[in-house]
Student: 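First the structure, then my questions, so here it is.
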Amino acid sequence: MGKAGPKSKQASPAAVSQSCEEKGWFREHGETGSGKTTQIPQYLYEAGIGRQGIIAVTQPRRVAAISLATRVSDEKRTELGKLVGYTVRFDDLTSDETRIKFLTDGMLLREAIGDPILRKYSVVILDEAHERTIHTDVLFGVVKAAQKKRKELGKLPLKVIVMSATMDVDQFSQYFNGAPVLYLEGRQHPIQVFYTKQPQSDYLQAALVSVFQIHQEAPSSQDILVFLTGQEEIEAMTKTCRDIAKHLPDGCPQMTVMPLYASLPYSQQLRVFQAAPKGCRKVILSTNIAETSITISGIKYVVDTGMVKAKKYNPEIGLEVLAVQRVSKAQAWQRTGRAGREDSGICYRLYTEDEFEKFDKMTVPEIQRCNLASVLLQLLALRIPNILTFDFMSKPSPDAIQAAIEQLDLLGAVEQKEDQLVLTPLGRKMAAFPLEPKFSKTILLSPKFHCTEEILTIVSLLSVDSVLYNPPARRDEVQSVRKKFISSEGDHLTLLNVYRAFKNVSGNKEWCKENFVNGRNMMLVSDVRAQLRDICVKLSMPMESSRSDTANIRRCLAHSLFMNAAELQPDGTYSTVNSHQLVAIHPSSVLFHCKPSCVVYNGLLHTNKCYMRDLCVVDAEWLYDAAPDYFRRKLRAAKN
DNA sequence: GAGCACTGC
């Protein structure tokens, strides 16, 4: 280890695990492998409940909905899409015969807009409720309201089953008026949990030491999963591990190190599923994507740094903050559980037991960490009588609700009618799009600027993961090849150029590779665009192209994003027009090295600094034209 | 001057 490269100050590899204390055996909260998700819908169906209406089972993720539907239809020995089917965005495999339907929570929520009492369904099963996704949280309220309404109308009762993998069932039961609780025994293998004796000041160093400690002691067939916080950290650690692994003493097994995070191209993500060659250990360095979304078999050791990068939302200045913070206890147990999927496992927690006791019990539900504009628009579209008193299981802060109402008001989506907040006709149209309200508004404004075709493309590009692939190791190459797409007018128009070039070569895979374009995400853009275009056609919008005229596209963006404007100051910094917040251009923007005098941006993100993301150069006068009242108010406020 | 956890409609 002494000759192991740059880290000469490295602590002895034994430092961490020798100071780890064993803390007994642990049995996960009776969940994995109990088969509840596949069996309960079938029991209900056998009991005849499926005859009166469809049994819905929601999932937070698309892949889960699809694979569960596949498994259950196999078990029923029926063709997928007949008795058992699934509905996810862009993919509906159901028919008139379907009685057991798996769907994403977001999809059921969207269905509810057209049918708030969910009349098609006899049972709604909300699975993975412990994850508390924003969609599942809204669905709690929606199904509860539907139950009440159906009772009032004398219709078939709606049965609701909430399935959670953690023990915090009390609040679920309480929320549903003291509903009965059933416990299911899981089949989790035992996992030994170790804590450090001392708090670790440098969790990266501690992780590195633990990995090589395990590597020197454990049989090479046993793989290690390390939880870290983000791409940059993981890439750096990957390199360090590989460097050290090159210089291990004789007799030490080989090691293959793999990074894993969501923005990694699919082909590289797949590598974590391949078994390492004999005599070689697999070490996976992952974000929390491996907590729930990706399950890797054969993991014997989990190393948990106890840290996670998570988003918070500050409603007062409309600022998203992305920060490294402590995981919750529930999240730590979830990570630990990843070590015991096939056999008994071992988890090293790189924090003390005292520190662990101070972690939050549960992760704060997403609904309390987000901008609520989309959720409120959806609730209003559901004709919820009063969104201010909506029965949330975990209420968002009044500030967050107020900020969302203000945002919807600025977009012209809501109005007061007889003391009630209701949607305007524009707001109702906005709710038809599966988009953030500001993007729906951009589309609905576009006919005025004769650029709907271009705006559809831009909005689609912005609503999927980045189509631009930026491998850090090939930065110079990326920059030189990307030059040809760059528009001096900003990121929106640059993305439009990339899309047009992609279409010109009909999505050629080689072209994507050469140009560092993520082909898979680009295909998704096409799907999104087609869906959005369909909605426009249904709303009878004229579909026009501005062709080479980019000024109209920028005018359209100025009119929909006027509340997200910033101006260059004499000292070279930027200040937002809305709240005079000091902001900077995000390094990922094509305008990073430029100093346009006036821009609009999609959003603010606070990491090390407060950054504007996805910028478009605009004229200051356009902004004033877009919302004269708003800017008059701002001017008055500034004078006072 | 220098960066972006994870889902989903």
Side-chain angles (χ1 to χ4, degrees), chain A residues 58-65 87-92 103-114 128 131-139 227-236 260-264 286-294 305 307-312 320-325 327 331 334 363 366-367 369-370 374-375 377-378 381 430-437 439-440 460 463-466 468-470 472 475 479 524 527-528 531-532 535 572-574 584-589 591-595 602-614:
Chain A
T58 69
Q59 292 294 317
R61 284 167 290 280
R62 294 165 51 93
V63 275
T87 305
V88 297
R89 191 180 185 186
F90 308 125
D91 202 0
D92 180 7
L103 70 178
T104 46
D105 48 9
M107 201 68 203
L108 185 60
L109 198 53
R110 194 137 282 277
E111 283 189 8
I113 292 179
E128 309 286 3
E131 289 193 25
R132 304 296 302 273
T133 70
I134 198 161
H135 293 143
T136 297
D137 262 31
V138 177
L139 279 174
F227 284 102
L228 298 163
T229 69
Q231 172 176 349
E232 202 178 296
E233 187 176 284
I234 286 168
E235 289 292 348
L260 179 63
Y261 45 86
S263 61
L264 199 68
S286 175
T287 60
N288 45 350
I289 193 171
E291 258 172 37
T292 49
S293 305
I294 292 181
T305 58
M307 307 304 280
V308 66
K309 203 176 282 188
K311 193 154 74 178
K312 286 187 266 185
E320 289 178 341
V321 181
L322 196 59
V324 173
Q325 55 192 59
V327 296
Q331 220 173 345
Q334 177 71 27
T363 309
E366 195 184 0
I367 201 158
R369 294 184 286 124
C370 282
S374 294
V375 166
L377 188 71
Q378 272 178 318
M430 282 165 63
F433 290 93
L435 293 169
E436 277 182 56
F439 291 142
S440 313
S460 304
S463 64
V464 305
D465 285 340
S466 177
L468 305 176
Y469 174 49
N470 299 308
R475 226 179 61 179
Q479 271 183 354
L524 200 58
D527 289 345
V528 174
Q531 187 190 26
L532 300 179
I535 297 169
T573 64
Y574 282 87
I585 297 177
H586 195 278
S588 67
S589 171
L591 298 176
F592 182 53
H593 293 287
C594 311
K595 294 257 179 227
N602 286 349
L604 295 178
L605 181 75
H606 191 101
T607 50
N608 292 327
K609 260 191 201 171
C610 192
Y611 287 109
M612 303 180 275
R613 287 193 300 179
D614 301 312

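Throughout, a chain's letter reflects where its sequence line sits, starting with A, and its residues are numbered from 1.
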Student: Between A:I289 (CD1) and B:dT7 (P), how many Å, whole number?
Tutor: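 Taking CD1 of A:I289 and P of B:dT7, I get 4 Å after rounding.
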Student: Among B:dC9, B:dG3, B:dT7, which is the nearest nucleotide to the side chain of A:N608?
Tutor: B:dG3
Student: What's the CD1-P distance between A:I535 and B:dC9, to the nearest Å?
Tutor: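 Distance check: A:I535 CD1 to B:dC9 P gives 13 Å.
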Student: Take the protein atom CG of A:L322 and the nucleotide atom C1' of B:dG3, then report the distance between them rounded to whole Å.
Tutor: 11 Å
Student: Nearest nucleotide by nearest heavy atom, which residue falls closer to the 5' end of DNA chain B, A:Q378 or A:H593?
Tutor: A:H593
Student: Are A:V88 and A:R61 side-chain neighbours, meaning at least one heavy-atom pair lies under 4.5 Å?
Tutor: no
Student: Checking all strands, does A:T104 fall into the base, sugar-phosphate, or nothing category for heavy-atom contacts under 4.0 angstrom?
Tutor: sugar-phosphate
Student: Let's see if you can work this out: which of B:dA5, B:dG3, B:dT7 has an atom nearest to the side-chain heavy atoms of A:N288?
Tutor: B:dA5
Student: To the side chain of A:R62, which of B:dC4, B:dC9, B:dT7 is closest?
Tutor: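 Comparing B:dC4, B:dC9, B:dT7 against the side chain of A:R62, the answer is B:dC9.
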Student: With a centroid cutoff of 5.5 Å and a plane-angle limit of 30°, would you call A:F592 stacked on B:dA2?
Tutor: no
Student: With the side chain counted from C-beta on, respond yes when A:T104 and A:R89 share a heavy-atom pair under 4.5 Å apart, and no when they do not.
Tutor: no
Student: Atom CD1 of A:I294 to atom C1' of B:dA5: distance rounded to whole Å?
Tutor: 13 Å
Student: Can you measure A:R61 atom CZ to B:dT7 atom P for me and round it to whole angstrom units?
Tutor: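 From A:R61 CZ to B:dT7 P: 8 Å.
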Student: Rounded to whole angstrom units, what separation is found between the CG atom of A:D105 and the C1' atom of B:dC6?
Tutor: 13 Å
Student: Rounded to the nearest angstrom, tell me the gap between atom OH in A:Y261 and atom P in B:dG3.
Tutor: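 About 16 Å, once rounded to whole Å.
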Student: Return the value, rounded to whole Å, for the distance between atom OH of A:Y611 and atom C1' of B:dA5.
Tutor: 17 Å
Student: Given B:dG1, B:dC9, B:dA5, identify the nucleotide with an atom nearest to the side chain of A:K309.
Tutor: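 For A:K309, the side-chain atoms sit closest to B:dA5.
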Student: B:dC4, OP1 or OP2 - any side-chain N/O from A:S588 closer than 4.0 Å?
Tutor: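 It does not, given that no N or O in the side chain of A:S588 lies less than 4.0 Å from OP1 or OP2 of B:dC4.
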Student: State plainly whether the residues A:K309 and A:E232 are in salt-bridge range, i.e. N to O under 4.0 Å.
Tutor: no
Student: In Å and rounded to the nearest 0.5 Å, what is the OH to OG distance from A:Y611 to A:S589?
Tutor: 12.0 Å
Student: It should be established whether A:H135 places a side-chain nitrogen or oxygen under 4.0 Å from OP1 or OP2 of nucleotide B:dT7.
Tutor: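 Checking B:dT7 against A:H135, no side-chain N or O comes under 4.0 Å of OP1 or OP2.
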Student: Ignoring the backbone of A:P587, work out which of B:dG3, B:dA5, B:dC9 is nearest its side chain.
Tutor: B:dG3
Student: More than 12 non-hydrogen atoms from neighbouring residues, nucleotides or ligands closer than 6.0 Å to CD on A:Q325, yes or no?
Tutor: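 Correct, the count exceeds 12.
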Student: Nearest nucleotide by nearest heavy atom, which residue falls closer to the 5' end of DNA chain B, A:K595 or A:Q231?
Tutor: A:K595
Student: Among B:dG1, B:dA5, B:dT7, which nucleotide has an atom closest to any side-chain atom of A:K609?
Tutor: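 Nearest to the side chain of A:K609 among the choices is B:dG1.
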